[in-house]
Student: 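Handing you a structure now.
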Amino acid sequence: MLGDVVRIVWMVFGNDRLTTKEVEFRLESLFNYHCPDDFAKTMTKFKQAGLVKGEVSVEKGGWVWWVDDECKSKDLSKIM
């Protein structure tokens, strides 16, 4: 199930770098999905697992996230 959520999150990025709010907006508008907890915490957990990449952006005033080929090479069948 979590693997499915990760795949959906990956889909919203395309080749874009997005803020946490932008990711949340795309998830809601494209998939009618709303994360049940603090989404920034979820993205941080994904980052720690290597499923997304992120950095703080002074320009954007918060975290900016992206997905690359390294992230997409992770074996999602091994995450819970």
Side-chain angles (χ1 to χ4, degrees):
M1 170 132 173
L2 184 56
D4 294 334
V5 173
V6 172
R7 283 184 195 90
I8 289 170
V9 169
W10 285 349
M11 289 172 63
V12 303
F13 280 96
N15 293 320
D16 299 330
R17 288 179 174 239
L18 304 171
T19 65
T20 305
K21 293 282 185 205
E22 290 169 332
V23 176
E24 286 181 293
F25 176 79
R26 285 187 182 185
L27 284 169
E28 180 72 31
S29 63
L30 295 172
F31 298 101
N32 199 31
Y33 179 81
H34 181 74
C35 187
D37 61 1
D38 180 7
F39 194 66
K41 288 182 184 178
T42 299
M43 292 300 289
T44 300
K45 289 176 186 176
F46 286 174
K47 181 180 180 287
Q48 290 170 343
L51 301 170
V52 299
K53 296 198 175 167
E55 64 187 12
V56 174
S57 169
V58 175
E59 180 182 302
K60 297 277 189 171
W63 280 89
V64 175
W65 309 97
W66 67 94
V67 176
D68 61 14
D69 290 338
E70 182 181 3
C71 299
K72 292 179 181 178
S73 70
K74 298 292 181 184
D75 184 357
L76 298 181
S77 68
K78 295 185 179 188
I79 66 171
M80 299 175 107

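One-based numbering along the sequence shown.
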Student: How many angstroms lie between atom OG1 of T20 and atom CZ of F39, to the nearest 0.5 angstrom?
Tutor: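 So the OG1 of T20 and the CZ of F39 are separated by 7.5 Å.
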Student: Work out which heavy atom in L18 is nearest to a heavy atom in F13; give both atom names and the distance.
Tutor: CD1-CD2, 3.8 Å
Student: Indicate yes or no: at least one non-hydrogen side-chain atom of W65 is less than 4.5 angstrom from one of V9.
Tutor: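 Heavy-atom side-chain distance check fails, nothing below 4.5 Å.
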Student: Between K72 and D69, does any NZ, NE, NH1 or NH2 come within less than 4.0 Å of an OD or OE carboxylate oxygen?
Tutor: no
Student: Report all side-chain donor-acceptor pairs from residues 41-51 shorter than 3.5 Å, counting only partners two or more places apart or in another chain.
Tutor:
{"unit_1": "T42", "atom_1": "OG1", "unit_2": "D37", "atom_2": "OD1", "d": "2.9"}
{"unit_1": "T44", "atom_1": "OG1", "unit_2": "A40", "atom_2": "O", "d": "2.9"}

Student: So D4 and R7, side-chain contact (heavy atoms from CB on, under 4.5 Å) or not? Walk me through it.
Tutor: CA-CA 5 Å; D4 294 334; R7 283 184 195 90; 3.2 Å; yes
Student: Are side-chain heavy atoms of K74 and V6 found at a separation under 4.5 Å?
Tutor: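 When only atoms from C-beta onward are counted, V6 and K74 do not touch, as no gap falls below 4.5 Å.
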Student: Quick one: list whatever passes side-chain hydrogen bond (donor to acceptor under 3.5 Å, both in side chains) with E28, sequence neighbours left out.
Tutor: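 E28 satisfies side-chain hydrogen bond (donor to acceptor under 3.5 Å, both in side chains) with no other residue.
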Student: Restricting to side-chain contact (heavy atoms from CB on, under 4.5 Å), what partner residues turn up for K53, sequence neighbours left out?
Tutor: W66, D68, E70, C71
Student: Heavy-atom count around D75 CG within 6.0 Å, excluding the residue itself: above 12?
Tutor: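 Buried by this count: over 12 neighbours within 6.0 Å.
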Student: Is it true that, when you exclude F25 itself, more than 12 heavy atoms of the residues, nucleotides or ligands shown sit nearer than 6.0 Å to its CZ?
Tutor: no
Student: Assess the residue pair M11 and L30 against the criterion (side-chain contact (heavy atoms from CB on, under 4.5 Å)); give the C-alpha distance rounded to whole Å, side-chain angles, the decisive distance to 0.1 Å, and a yes or no.
Tutor: CA-CA 10 Å; M11 289 172 63; L30 295 172; over 6 Å; no
Student: Which heavy-atom pair separates R17 from E22 by the least distance, and what is that distance?
Tutor: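 Closest approach of R17 to E22: O-OE1, 4.2 Å.
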Student: Do V64 and V52 share a hydrophobic cluster, counting only Ile, Leu, Val, Met, Phe, Trp and Tyr and linking them when any side-chain heavy atoms are less than 4.5 Å apart?
Tutor: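 No, it is not one cluster - the side chains of V64 and V52 are not joined through contacts under 4.5 Å.
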